[in-house]
Each structure stands twice: as structure tokens, then as C-alpha cells.
Undergrad: 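Following this message is one structure expressed as C-alpha cells.
In what follows, every chain begins at residue 1, and chains take the letters A, B, ... in the order their sequences are listed. Computation of the quantities below employed the complete heavy-atom set of this structure, encompassing side-chain atoms and omitting hydrogens, waters and symmetry-equivalent molecules.
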Number of protein chains: 2
Amino acid sequence: MKITLRTIAEESGFSITTVSRALAGYDDVNAETRQHIIEIADRLGYQPNLTARHLRSQQTNTIGMIIPRTAHFSDPFYMELLSGVGREASEYGYDLLLSAQTRSEEELNSYRRIVGGSRVDGIVLARVLVNDPRIDYLQRQRYPFVVFGRVESGECPSVDVDGTAGIRQVIAHFVANGHRRIGVIRSSHALMFTGQRYAGYVQAMESLGLPRVDAYEVEGNLTQQSGQDAAARLLDLPEPPTAILAFNDLMALGAMAAVQQRGLTVGADVAVAGFDDISAAAGATPPLTTVRQPIHDIGSRLASMLIRQIQGQPLDEFQVLVKPELIIRASSRRR
Amino acid sequence: MKITLRTIAEESGFSITTVSRALAGYDDVNAETRQHIIEIADRLGYQPNLTARHLRSQQTNTIGMIIPRTAHFSDPFYMELLSGVGREASEYGYDLLLSAQTRSEEELNSYRRIVGGSRVDGIVLARVLVNDPRIDYLQRQRYPFVVFGRVESGECPSVDVDGTAGIRQVIAHFVANGHRRIGVIRSSHALMFTGQRYAGYVQAMESLGLPRVDAYEVEGNLTQQSGQDAAARLLDLPEPPTAILAFNDLMALGAMAAVQQRGLTVGADVAVAGFDDISAAAGATPPLTTVRQPIHDIGSRLASMLIRQIQGQPLDEFQVLVKPELIIRASSRRR
DNA sequence: CACAACGTCCAAAACGTTTTGGATATATAT
DNA sequence: ATATATATCCAAAACGTTTTGGACGTTGTG
């Protein structure tokens with residue numbers, strides 16, 4: 001049988017109100033009464049019904065994250081982000097509600113359902129699109145949210161990594177190692193960060209006086225398989241690139257596989273670099289050169305920004321820009 | 001302003017009841033009326049308040065997972081499990097509530113809070129302890145739950161991997177490769193699976209006629225660092241083992257680091273093997289020999305068992321035992 | 001003595017749903 | 001004509017909590 005406030009009220013002879021207030025620590029209840037009530041609550045193992053509390057108080061002490069189906073649930077990027085968000089949320093006593101999409105067209109519906117349904121107090125958004133309907137929606141609803149990435153229009157709290165600077169460093173590193181034919185596996189231009197990283201590529205090539213060859217530019221969808229396919233196309237060119245830069249690590253790992261499949265040696269024959277520094281990057285064979293974004297820390301940061309916002313506290317920084325760090329490993333070093 | 005059933009009721013001139021029933025698809029509402037109500041609901045962008053619905057219907061369409069603080073939130077084991085559970089839950093239209101512990105003594109309190117507070121409809125449990133208070137609690141509460149692992153007493157739906165058989169295979173593999181001095185980095189005996197894996201070790205050593213040396217047996221706490229420390233102790237012995245078996249991959253990776261730190265070559269000088277086959281295992285240098293448990297699939301399986309149980313459907317299998325597979329990679333191959 | 005202040009308590013409303021048990025009017029069967 | 005079935009609707013209760021606004025008796029102050 002469920003133990004509710006009513007049970008304790010009946011057991012103790014006081015009203016539901018008094019029981020509630022006694023347990024909540026209000027000071028308009030006699031010390032003895034409180035003692036008595038607490039004792040009964042403990043004995044019966046009372047646990048407040050959180051759903052009822054949430055309904056009444058209109059907040060859930062929960063933050064939400066929606067994982068797009070396109071990203072396959074086990075995408076390490078999301079996993080690391082999740083881990084950072086979850087860790088920090090727990091620090092504030094918040095739970096984390098995860099919702100995964102079955103179909104990507106329905107992604108916005110998920111937001112409507114969760115947000116409109118007051119399931120959570122705020123939302124963490126990642127992988128922003130160029131005209132992201134989710135952001136429009138959340139802004140119109142005046143719903144608390146934070147963004148991993150940059151948002152063109154309007155103000156919203158965000159943490160972003162300077163992808164332009166990151167990619168410039170990679171190209172400079174390639175060129176310093178004597179590479180001139182540089183292939184790039186970029187992501188879809190629908191994604192916000194693609195533009196930034198692509199700008200880094202363009203700037204670096206121009207400032208280093210290298211021509212951009214159309215055939216050296218291919219697109220992947222951020223998965224390892226797509227990286228492998230894209231790299232295969234590059235390597236099949238009559239004059240293939242000697243260095244390949246992928247816009248994320250997963251695609252870079254795929255590219256390494258493609259290189260190795262052709263009997264070439266990553267590093268010696270073809271340099272490969274990625275972006276993210278997911279944990280698999282350091283462990284790869286050979287270890288992958290990459291631009292580190294501290295995803296876990298960014299997740300924590302986002303969670304704390306979101307929760308402060310929910311609680312109406314002022315944010316010390318509104319839009320944070322993190323400098324990424326180039327991590328040079330064997331995948332881009334000539335022997 | 002919040003759009004509720006009341007708003008639509010006022011706007012349409014019908015009662016809250018009728019609006020609710022119209023939207024829910026009951027057939028005791030006139031077709032025209034329903035049309036009208038749906039039209040208004042769409043126009044206003046009505047989203048049912050899920051908290052209220054949950055309170056009234058006494059179910060949340062959510063399953064829970066509590067991540068112990070001891071496991072560091074980003075433990076790849078939990079991440080893969082999570083990914084499997086989340087994927088399958090979304091297939092059934094369930095969300096996933098994650099709660100992380102700030103302090104491990106409070107873990108049981110978390111269960112009390114979430115379960116007693118009716119926050120979720122059921123719970124997935126992992127890393128079972130030998131006399132696990134969580135299981136006692138959930139059984140007493142008659143709360144739906146499923147377990148990754150084995151439970152000594154009582155019946156509860158579970159999926160487990162035959163750790164005994166897995167470890168036996170590893171030892172047999174070591175011995176077939178000529179190893180006789182085998183070190184083992186085991187986990188705490190407080191964990192249920194430790195007993196099973198340890199039994200595999202004992203059985204294999206006995207059946208192969210090898211003596212068990214106390215000094216070759218050390219304990220770690222499943223983290224990479226502890227594996228490294230434990231392996232260091234083994235390697236510092238006057239007659240160090242030539243093969244090291246860790247009870248999970250993270251510790252095995254730590255052990256590889258310890259071996260390499262001493263200037264020895266993993267595989268050639270010291271063989272290393274782990275258990276789990278987390279994704280980092282294949283990518284490690286050298287790739288790690290390990291016993292694969294299909295964690296992601298097990299997660300999916302658990303989620304579907306749990307949800308069927310919640311929905312009162314019969315389970316086709318109550319206690320599933322998965323045969324693990326030995327994956328031989330370079331970390332245990334002599335050159 | 002009157003009045004205010006204080007300490008302790010509680011009934012009722014509210015949060016937004018879903019479900020129960022009819023009410024009412026119309027159509028059909030006897 | 002009456003009785004019965006059917007179609008459509010709704011008021012009220014319920015889920016379990018928190019908060020509001022005040023009741024009531026006691027104590028202190030002038």
C-alpha cells in the first residue's frame with residue numbers, strides 16, 4: 001500500500017497540511033509535533049510522490065537531452081557530452097531525462113512533447129543546424145535552454161569551440177610537415193559548425209597560398225562508415241591527397257581504415273587528422289591527431305549554465321568560446 | 001500562456017471531459033465535435049501536460065537507471081549499456097531517466113527517492129553486489145526491475161554473461177600460448193560477477209594442472225588507474241607473471257600501460273587480456289584480447305524485458321544466460 | 001481590561017489530467 | 001402509447017502534493 005501524506009495524517013491525528021509543513025521544515029509547527037510526524041514518516045518509509053510535487057510546484061528538477069536518431073545513440077560525442085551534463089546535473093540535485101528519436105522527422109515533435117508537456121525544466125541542445133527549428137521553437141516558448149555550438153540569430157546561452165581556429169591549426173600542421181595536397185572530409189553544411197570549420201580550411205589554404213581543389217572536398221555524415229567511404233573516394237583520385245582532414249574523429253577513424261585497407265601506412269603515406277578528441281582517438285592505431293574539444297567539460301559547463309538560468313541566477317558568461325587545442329599524434333607524423 | 005484542456009474547453013464551448021475524450025479518441029464524441037476540438041487544439045498548439053497525466057494515470061512511461069558515483073559517469077561500460085537501453089526504450093515510446101550519485105553511501109536513497117516517488121515505471125540494475133540491498137529493496141516494494149548479472153536469491157528477470165566460461169577460455173588461450181605464470185587482476189568480491197569470473201580462473205588453473213600463486217592475485221576497482229597500479233605490483237615481483245588477465249577491459253588497458261611503462265612489449269613480453277570488449281579495446285595499441293559481452297545488445301534486451309514486464313506481458317525468457325566470446329587480438333599474441 | 005502579537009494548526013484551492021457514473025435527447029422496438 | 005436502446009455530452013472525483021488565508025487560543029503590552 002502506498003504511503004502518502006494522508007496516511008501519515010491519519011496515523012498522527014494531524015492534518016495533511018501540518019504533516020506536509022512539518023516535513024518541509026516550516027517553522028509554524030510545534031517542535032514536538034514535528035518530531036512525532038517525522039518519526040511516523042520514517043517508520044512507514046514515506047517517500048513523497050515526485051510526480052504530484054512536480055505538478056503542484058510546476059517544476060521537475062530535471063533537465064532534458066534529446067538524442068537524434070541520425071546520431072546513433074552510441075555516438076561517442078553524445079556519450080561524452082551526456083556524461084558531462086549528467087555529472088554536473090547530479091551535483092545540483094537534478095536528474096537527466098533522455099529521449100531518443102525513432103524517426104528524425106519527428107525530432108521537433110519530441111521537443112514539443114517534452115517541453116510543452118513540462119516534462120523537464122530546461123534543455124541542452126547540441127549539433128545545431130543552420131536555421132534550427134528547435135531553437136526557434138524554444139525561443140518562442142521562452143523555454144530555458146543552452147546550446148553546444150553557436151547560434152546565428154538571437155541571444156541564447158551557449159558554449160562553443162572555435163572550430164575555425166582549430167582547423168587552421170591542423171592545416172598549418174599538415175603544411176609544415178610538407179603536405180600540399182590536402183583532402184577534406186567535411187560534414188553537411190546544414191550543420192552550424194560545418195561553416196566555422198570550413199571557414200578555417202578556406203582561410204588556412206588562402207593564407208598559405210595553396211589552391212583549393214574541388215575534388216579534394218567530400219562530404220560525410222559524421223559516422224565512421226561515411227568517413228571510410230569518403231576517404232576511399234579521395235584515395236581513388238588519379239592524384240590522391242597525401243593528407244586527409246576529417247571534420248570529426250569518427251570520420252577520421254573511418255578514413256584511417258580506408259587508408260590501411262589500401263595497404264598504405266597512416267602517418268607515413270597519408271596523414272590523417274580529426275576533430276573532437278573522443279576517447280577512442282588516443283587509443284587508435286596509430287593514435288589520431290585531432291583538435292581537442294573538452295566535450296565532457298563543456299557538458300558540465302552547459303548543465304551548470306542551464307540550471308543557473310532555470311533558478312533565475314545571473315550567468316557570469318553568456319556566450320562562452322573555448323579555444324581548442326591541436327593534439328598531434330602519430331597519424332600525422334612522418335616516420 | 002499555458003494551453004490546457006480548460007483553454008480548449010472554453011474556446012470550443014465543450015466541457016473539459018469532452019475535450020479530453022475527443023483528443024484521446026473515444027467514440028462517445030460526435031465526429032463533428034471531435035473535428036472542431038482537434039482543429040482548435042492544433043491551432044493553439046496544445047500539448048498535454050505529462051506530469052499531470054502521469055499523476056492521474058499512475059504511470060510515467062519512463063524507465064530509470066541509476067549510475068553509481070563509484071563508476072565515474074563516463075565509464076564506457078555504463079555508456080554502452082545506457083546506449084542499448086535507451087535505444088530500445090525509445091522503440092517502445094519510453095523515455096529514460098538517469099540519475100547519478102553524488103555520494104555512494106546515498107545510492108540506496110536514490111532508489112528510494114526515484115522508485116518510492118513513482119518517478120519511473122521500472123528500473124534497470126547493473127553491477128550487482130553479492131548481497132545487494134537494492135535488490136532487496138526493489139523486491140520488497142514489488143517494483144518492476146531487471147538485472148544485468150545474476151542474483152543469488154529469489155527470482156527476477158535478468159540477463160547475464162557466463163563469466164566463468166569466459167575466463168576459462170582466456171586462461172586456456174594463455175596456456176596454449178606457452179604461458180605458465182599467470183597474474184590476475186580481479187575485482188572486489190563484493191561484486192557478484194567477480195565470484196563467477198574467479199571461479200573460471202580457479203577451474204581453469206586446476207584442470208590445466210597449474211598452481212595458483214597468492215602473489216599473482218591482486219585486486220583493482222575496475223578503473224584504468226587501478227589496473228595500472230595492480231599490474232605494477234605484479235611486474236615488480238621477483239618472478240613476474242608473463243601473462244596478465246584483468247576482470248574488465250579498463251583495468252586491462254591500465255595493465256598494458258604499466259607493461260609499456262617498463263619498456264616491455266605487450267604481447268611479446270607480457271600477454272594481457274581483459275573482459276567486456278568495450279569499444280576502446282579494439283582500438284587500443286596493441287588491440288586488446290578480451291572476452292566480449294555484447295553490452296549494447298544486452299541493454300536492449302533488458303529494456304524490452306523490463307517494459308514487457310511493466311505492461312504485464314509474459315516474458316518469453318526469464319533468466320537469460322549469454323555465452324561470451326573470446327576475442328583474440330595482438331595483446332596476447334607472441335610475435 | 002482591551003488589543004496586538006504570536007504560536008500552532010487546518011480547510012480548501014490549486015496544479016492538469018483521466019475516469020466514473022450518470023444526464024439528456026433522440027431513435028427504435030414492442 | 002410505453003419501454004428500451006443509442007448517441008452525445010458533462011459534473012465531479014481522483015491522483016498527491018504545496019500554498020493561501022485564516023482560525024483559534026495563549027501570551028504580552030499599554
Undergrad: Would you say A:L23 and A:I37 make side-chain contact, with heavy atoms under 4.5 Å?
TA: yes
Undergrad: Tell me the interatomic distance from B:D27, atom CG, to D:dC9, atom P, rounded to whole angstroms.
TA: 12 Å
Undergrad: Starting at the 5' end of nucleotides 14-24 of chain C, put B wherever the base has a protein heavy atom under 4.0 Å, S where only the sugar-phosphate does, and a dash everywhere else.
TA: BBBBBBB----
Undergrad: Sort out for me which residue in B:E88, B:E317, B:H296 forms a side chain to side chain donor-acceptor pair (under 3.5 Å) with B:R301.
TA: B:E317
Undergrad: Any non-hydrogen side-chain atom of B:I310 less than 4.5 Å from a side-chain atom of B:Y94?
TA: yes
Undergrad: Who are the side-chain contact (heavy atoms from CB on, under 4.5 Å) partners of A:T62, not counting sequence neighbours?
TA: A:T60, A:D95, A:L97, A:V120, B:L97, B:R119
Undergrad: Please examine the side chains of B:I40 and B:L44, heavy atoms only from C-beta on, and report whether any two atoms are closer than 4.5 Å.
TA: yes
Undergrad: Does A:T33 make a side-chain N or O approach to OP1 or OP2 of C:dC9 shorter than 4.0 Å?
TA: yes
Undergrad: Could you give the CZ-to-P distance, from A:F14 to C:dA11, as a whole number of Å?
TA: 12 Å
Undergrad: Ignoring backbone atoms, test whether A:N30 places a side-chain nitrogen or oxygen under 4.0 Å from the OP1 or OP2 oxygen of C:dT8.
TA: yes
Undergrad: Looking at B:T18, does any N or O in its side chain come under 4.0 Å of the phosphate oxygens OP1/OP2 on D:dC10?
TA: yes
Undergrad: Using the side-chain hydrogen bond (donor to acceptor under 3.5 Å, both in side chains) rule, collect all pairs that involve residues 131-150 of chain B, keeping only residues at least two apart or in two chains.
TA: B:E107-B:R134, B:Y111-B:R134, B:D132-B:R134, B:R150-B:D160, B:R150-B:Q196
Undergrad: Describe the nucleic acid contact of B:T51 in one word from base, sugar-phosphate, nothing, applying a heavy-atom distance below 4.0 Å.
TA: nothing
